[in-house]
Amino acid sequence: MPDFRSRVPHYTFPETLAAQEEALGQHPMVERLARVRRALASDRHRPIYHYVNPEGTLNDPNGLCFWQGRWHLFYQGYPPEDPRQHWGHAVSDDLVHWRDLPYCIYPDPEDRCYSGATLVEDDRVIAMYHGTKAGNMVATASDPLLLNWTKLGGGPVIPIAGPGETLPYAVFDPCIWKEGDFYYSLSGGKLPEGPGGAPVAADFLFRSTDLEHWEYLHPFTEGDRFTLLGDDGACPYFWPIGDRHMLLFFSHMSGGQYLLGNYDTDRQKLVVTGAGKFNMGPVGPGGVHAPSATPDGSGIVVIFNMNPAKPTSGWDQIMSLPRRLWLGDHDELRMAPVAAVESCRKSRLGGGARELPANREVVLEGMRGDALEIQASIAPGAASMVELDVLRSPNREELTRIAFYRDRGYRDHVLGKRHIGSLVTLDTSYSSISGDVRSRAPETAGVRLGPEEPLELRVFVDRSIVEVFVNDRQCVATRVYPERGDSTGVSFRSQGAGSALTRLDVWEMDSIYG
């Protein structure tokens with residue numbers, strides 16, 4: 001057997017909160033992470049209020065959960081002394097301000113600790129994740145800061161296929177939940193059930209009474225007409241939302257997305273009734289990657305990692321802002337950044353209502369920056385298009401363009417053929433003049449607005465990411481890398497006819513790292 005033991009120092013911590021905090025106070029790993037974070041902070045493209053792991057590169061977020069009054073975020077980290085995937089770890093009181101904790105789940109007997117999810121019980125937290133060259137693993141922790149993890153069974157609880165063995169399911173990224181006496185798990189993958197045997201997204205359902213012995217049941221979803229040929233069902237998270245259930249997942253082809261439907265508990269099947277995407281094109285460059293999600297009592301909280309579009313020394317991917325998801329009328333998915341994001345507002349740079357005359361760019365004087373929140377309400381009127389540009393250089397050599405097109409989308413199949421949806425576009429074609437930045441094709445997403453409903457934008461700019469929330473009904477996000485030091489401006493434009501900016505607030509945002 002190969003020796004997969006991690007070369008990263010492994011620490012055991014006390015079991016009470018006070019003793020854990022004391023041990024972390026001068027802990028060598030915590031001090032190292034803080035030192036590297038400080039050294040990387042001068043990188044002009046490294047965000048200040050979106051979470052970035054303290055050292056090295058980053059992949060999927062894992063196991064987002066709430067335990068004993070605190071939020072925990074895990075992620076695939078690559079420690080420098082052994083750059084295989086380990087589970088990195090951060091803790092927060094509000095989902096926005098994160099404190100780095102030591103790596104917590106290490107390879108052995110698996111080769112690498114890949115993606116997975118957590119289940120919070122009264123007396124413990126269960127992590128289920130994929131261990132490469134072994135299978136799906138289970139580990140548990142019960143201490144206050146989830147620092148001490150114990151793997152069950154000494155090996156994979158759902159092993160990968162052995163030599164010459166063929167399995168009717170994939171053993172890959174798992175999630176976990178409990179119903180009655182049974183634990184259930186989905187294992188991400190795909191099936192050759194498309195035209196000509198093309199692969200389609202699938203997740204495979206297992207159940208267990210003891211977490212160590214798992215029975216395979218069947219593929220989980222039924223009636224999926226939404227995902228694309230070539231999608232797969234990696235990084236699944238299955239949770240109730242409103243009176244429906246939602247399966248969030250990641251496709252290695254087309255990024256973060258979800259299926260919505262009715263959970264048939266007699267047959268243990270998700271009967272799909274709707275779907276949507278968090279990433280509006282290919283997964284890269286610069287796209288929304290994998291989710292990590294958990295219920296918060298009134299909906300679902302989800303965070304994504306974001307892919308890079310430029311080489312950056314010592315780091316690459318970052319996390320999106322955490323979003324709250326809930327269901328509105330007609331099973332419409334609603335979404336907004338978690339409320340604590342407002343605590344990052346450092347100072348209000350300006351704002352106020354103003355008219356936007358036709359075909360003339362309006363540059364906001366004194367409201368500049370590369371770490372901003374912009375909140376705007378716009379009455380588009382008869383304008384063909386309303387545009388907001390951020391990270392704009394004075395002569396428009398660089399800019400990131402946000403454009404809204406009222407009633408230019410598809411006919412709405414829910415509200416009837418007379419209702420036309422609108423479109424929002426996030427265009428990074430001119431975001432950077434640098435030769436090593438890979439521009440992403442414009443992200444364009446549908447959004448449902450009523451006939452007289454104003455356009456409500458919340459735009460978050462943070463060094464190398466722009467996230468645009470539209471009327472709590474849509475979000476488009478991508479990575480950007482302006483090269484010029486003066487690419488910090490903000491402007492509006494109303495095309496064809498005038499429109500009205502009825503509210504505007506621009507805030508400079510502060511660092512979440514103190």
Side-chain angles (χ1 to χ4, degrees), residues 1-15 20 23-24 26-36 53-63 72-91 100-118 124-143 145-163 165 170-174 176 185 187-188 210-214 234-235 292 314-317:
M1 288 287 292
D3 183 0
F4 291 137
R5 285 177 296 179
S6 173
R7 295 185 294 276
V8 180
H10 187 257
Y11 303 93
T12 300
F13 290 87
E15 292 292 328
Q20 286 188 336
L24 291 169
Q26 293 182 324
H27 192 274
M29 180 62 76
V30 173
E31 291 179 345
R32 183 182 96 181
L33 297 178
R35 185 168 60 251
V36 178
N53 62 314
E55 66 176 2
T57 55
L58 170 73
N59 199 32
D60 301 343
N62 301 139
H72 291 263
L73 172 66
F74 305 94
Y75 57 87
Q76 289 176 33
Y78 300 76
E81 62 267 60
D82 188 349
R84 296 176 294 156
Q85 286 91 335
H86 295 56
W87 269 32
H89 187 189
V91 65
D100 298 312
L101 296 177
Y103 297 95
C104 63
I105 300 181
Y106 289 52
D108 184 32
E110 68 273 28
D111 178 39
R112 300 163 189 264
C113 301
Y114 258 73
S115 294
T118 53
R124 64 179 178 176
V125 176
I126 302 164
M128 193 168 187
Y129 66 96
H130 184 61
T132 62
K133 300 184 181 179
N136 289 351
M137 313 281 295
V138 169
T140 64
S142 57
D143 61 277
L145 292 178
L146 300 181
L147 301 174
N148 302 317
W149 290 84
T150 301
K151 297 179 185 180
L152 297 190
V157 297
I158 303 176
I160 60 175
E165 183 181 10
V171 182
F172 197 50
D173 302 344
I176 183 171
S185 176
S187 184
D210 62 3
L211 294 174
E212 291 191 43
H213 304 90
W214 291 83
C235 302
S292 187
W315 64 286
D316 55 7
Q317 297 188 44

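Scope of the values below: all heavy atoms of this structure, side chains included, with no hydrogens, waters or symmetry mates. If you read the sequence from its start, that first residue is 1, and numbering goes on from there.
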Fill in the blank from the handout: In terms of heavy-atom contacts, Val171 and Gly135 come closest through CG1-CA, 3.9 Å

Practice task
State whether the number of non-hydrogen atoms from other residues, nucleotides or ligands found under 6.0 Å of Glu81 atom CD is greater than 12.
Solution key: yes

Handout entry: Side-chain touch Glu165/Pro159, heavy atoms, less than 4.5 angstrom
Key = no

Practice task
Using modelled atom types only, decide if a donor and an acceptor are shared between the side chain of Asp60 and the backbone of Tyr75 within a distance under 3.5 Å.
Solution key: no

Handout entry: Separation between OG1 of Thr118 and CG of Leu146, rounded to the nearest 0.5 Å
Key = 8.5 Å

Practice task
Run the numbers on Leu147 and Leu101 for side chain to side chain contact (heavy atoms under 4.5 Å, CB included), then give the verdict.
Solution key: CA-CA 8 Å; Leu147 301 174; Leu101 296 177; 4.0 Å; yes

Handout entry: Pairwise distance CG(Asp143) to CZ(Arg124) - rounded to 0.5 angstrom
Key = 14.0 Å

Exercise for the section: Measure the shortest side-chain to side-chain distance between Leu211 and Met128 over non-hydrogen atoms and say whether it is less than 4.5 angstrom. Expected result: no

Problem - Minimal non-hydrogen separation, Ala134 against Pro156, with atom names - result: O-CG, 3.6 Å

Practice task
Check for a donor-acceptor pair, side chain of Thr140 on one end and backbone N or O of Val125 on the other, with a separation under 3.5 Å.
Solution key: no

Problem - Non-hydrogen side-chain atoms of Ser187 and Ile158 separated by less than 4.5 Å - result: no

Problem - Minimum heavy-atom distance Ala170-Gly188, with the two atoms named - result: CB-O, 3.5 Å

Practice task
Go through the steps to decide whether Leu33 and His27 satisfy the test side chain to side chain contact (heavy atoms under 4.5 Å, CB included), and finish with yes or no.
Solution key: CA-CA 10 Å; Leu33 297 178; His27 192 274; over 6 Å; no

Problem - Where Pro109 and Gly154 come nearest, the two heavy atoms and their spacing - result: CG-O, 3.7 Å

Exercise for the section: Hey, could you give me the CD/OH distance between Glu55 and Tyr103, rounded to the nearest 0.5 Å? Expected result: 3.5 Å

Handout entry: Val138 side chain near Glu212 side chain, heavy-atom distance below 4.5 Å
Key = no

Problem - Asp316 backbone acceptor or donor facing Thr57 side chain under 3.5 Å - result: no

Practice task
With the side chain counted from C-beta on, respond yes when Met137 and Cys113 share a heavy-atom pair under 4.5 Å apart, and no when they do not.
Solution key: no

Exercise for the section: Would you check if Cys235 and Asp173 make a side-chain contact, meaning some heavy-atom pair closer than 4.5 Å? Expected result: yes

Exercise for the section: Indicate whether the side chain of Gln85 and that of Asn59 have a donor and an acceptor atom separated by less than 3.5 Å. Expected result: no

Problem - Passing candidate, ring-ring contact (aromatic ring centres under 6.0 Å, His included) with His86, options Tyr78, Tyr106, Phe4 - result: Tyr106

Completion exercise
Rounding to 0.5 Å, atoms CG (Asn62) and CD1 (Ile105) come to a distance of 8.5 Å

Fill in the blank from the handout: Only one of Phe74, Tyr11, Trp149 passes ring-ring contact (aromatic ring centres under 6.0 Å, His included) with His89, and that residue is Phe74

Fill in the blank from the handout: OG (Ser185) and CD1 (Ile176) are apart, to the nearest 0.5 Å, by 6.0 Å

Exercise for the section: Enter the distance from Arg7:CZ to Asp82:CG here, rounded to the nearest 0.5 Å. Expected result: 4.0 Å

Practice task
Check for a donor-acceptor pair, side chain of Asp100 on one end and backbone N or O of Pro54 on the other, with a separation under 3.5 Å.
Solution key: no

Exercise for the section: Check whether any side-chain heavy atom of Arg32 lies under 4.5 Å from a side-chain heavy atom of Pro79, and answer yes or no. Expected result: yes

Practice task
Could you tell me how the ring of His130 sits relative to the ring of Tyr114: parallel (under 30°), tilted (30 to 60°) or perpendicular (over 60°)?
Solution key: perpendicular

Problem - Matching residue for Glu110 among Lys133, Arg84, Arg5, Lys151 - test: salt bridge (Lys or Arg N to Asp or Glu O under 4.0 Å) - result: Lys151

Problem - Non-hydrogen side-chain atoms of Pro102 and Phe13 separated by less than 4.5 Å - result: yes

